[in-house]
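Remember, predicted model here, so these are calculated numbers, not experimental data. Both backbone and side-chain heavy atoms feed into the values below; hydrogens, waters and symmetry mates do not. Whatever order the structure lists ligands and atoms in, that order sets their numbers, starting from 1.
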Amino acid sequence: MSGIPYAEVIGDPIAQSKSPLIHDFWLEALGLTGRYERHHVRPGDLAAYIDARRGDSDWRGCNVTMPHKAAVMDLVEDPGDVRGTIGAMNTVVRQPDGRLIGTNTDAAGFFAPLAELDLEGAPVVVVGAGGAARAVLFALARAKVGSVTILNRSPLKAMGLLAAFGLKGEALALDAPLPPAALLVNASSLGMSGQPPLDLDLAPLPGDAIVYDLVYSPLQTGLLAAAEARGLETVDGLDMLIGQAALAFELFFGAAPPEGRDDELRALLTA
Ligand code: NAP
């Protein structure tokens, strides 16, 4: 132990993670002593990794990415009932007494760019029903949105999510026409590099609708290009990536990220 606080991001694979760039940028901008590193953890090694870090007082915690977001819930404390709500953890924080608390900062990170809007009662469309969609639906339920239409390859799975989050609405196949909505969120892998595109006809959306794509590789997805061509407001996946990291950073290092530096950070992340 060196006495220098550090945090990590763990996953399998992990080389692609942009989290170290974000946390290092903030540590340097604030002049804080600390490190944030990638650590490759294979599924069979997760329990041993958590056990080893539990006794390391320099370790402040870790961000958790694929494929460990569900498995880690069996290894840490869950005072906020993340298991019973979002159903996946993306952050583990070590307490000074060695207790490990799991949480999820994706839902709040997703909602951060929408926080100024009044979405109460507003109709929303969400594409996808995987882990990211769960965080999105959790946040939307808390914002008391109106009816939610989920478009997904397997509508049955999407139907289960509506029930799980107490949302009214319907689950439809991906080729169903869009209903008019105040907000359209892509929480599926469609449009991501190496994945099929997300082809939606945006014509039914009103002129003041917001189109939010969680995909950040590429940053300018076909969906966002189509929305911009229609003059709609857009939010890209880096906003959520930075938003979820900001909450984790404060939990790890005890300070909020610097204000007014997001443009610099975005430039670094897209260089
Ligand atoms: P996931 O749990 O694997 O879910 C993937 C979703 O995409 C599922 O709904 C799946 O449909 C659908 N899908 C995948 N391949 C498809 C295909 N070929 N055709 C039709 N549907 C397909 O993944 P996730 O963790 O939710 O991530 C989803 C996306 O969100 C990824 O692009 C990820 O990078 C992004 N994300 C971004 C952030 C951020 O901070 N910006 C955070 C988390 C995730 P089925 O349900 O039918 O399988």
Ligand 1 atoms in contact with N152 (distance to a heavy atom under 4.0 Å): 9 (O), 11 (O), 45 (P), 46 (O), 47 (O)
Centroid-centroid under 6.0 Å between Y36 and F249 rings: no
S217 contact mode with ligand 1 (heavy-atom cut-off under 4.0 Å): neither
Of the listed options S193, G131, P67, S189, closest to atom 5 (C) of ligand 1 (non-hydrogen atoms): S189
Region of L238 engaging ligand 1 - heavy atom pairs below 4.0 Å: neither
Heteroatom proximity flag, A129 to ligand 1, N/O under 3.5 Å: yes
Contact check: M66 vs ligand 1, nitrogen or oxygen atoms, below 3.5 angstrom: no
Part of M240 with heavy atoms under 4.0 Å of ligand 1, whether side chain, backbone, both or neither: both
Sub-4.0 Å atoms of ligand 1 with respect to non-hydrogen atoms of V215: 32 (O)
Pair R53 + E8: basic N to acidic O under 4.0 Å: yes
Heavy-atom closest contact (L151 atom, A176 atom, distance): CD2-CB, 4.3 Å
Which residue and heavy atom of the protein sit nearest atom 46 (O) of ligand 1, plus the separation: K157 NZ, 2.6 Å
L241, any N or O under 3.5 Å of ligand 1 N or O: yes
T149 and E170: side chain donor to acceptor below 3.5 Å: no
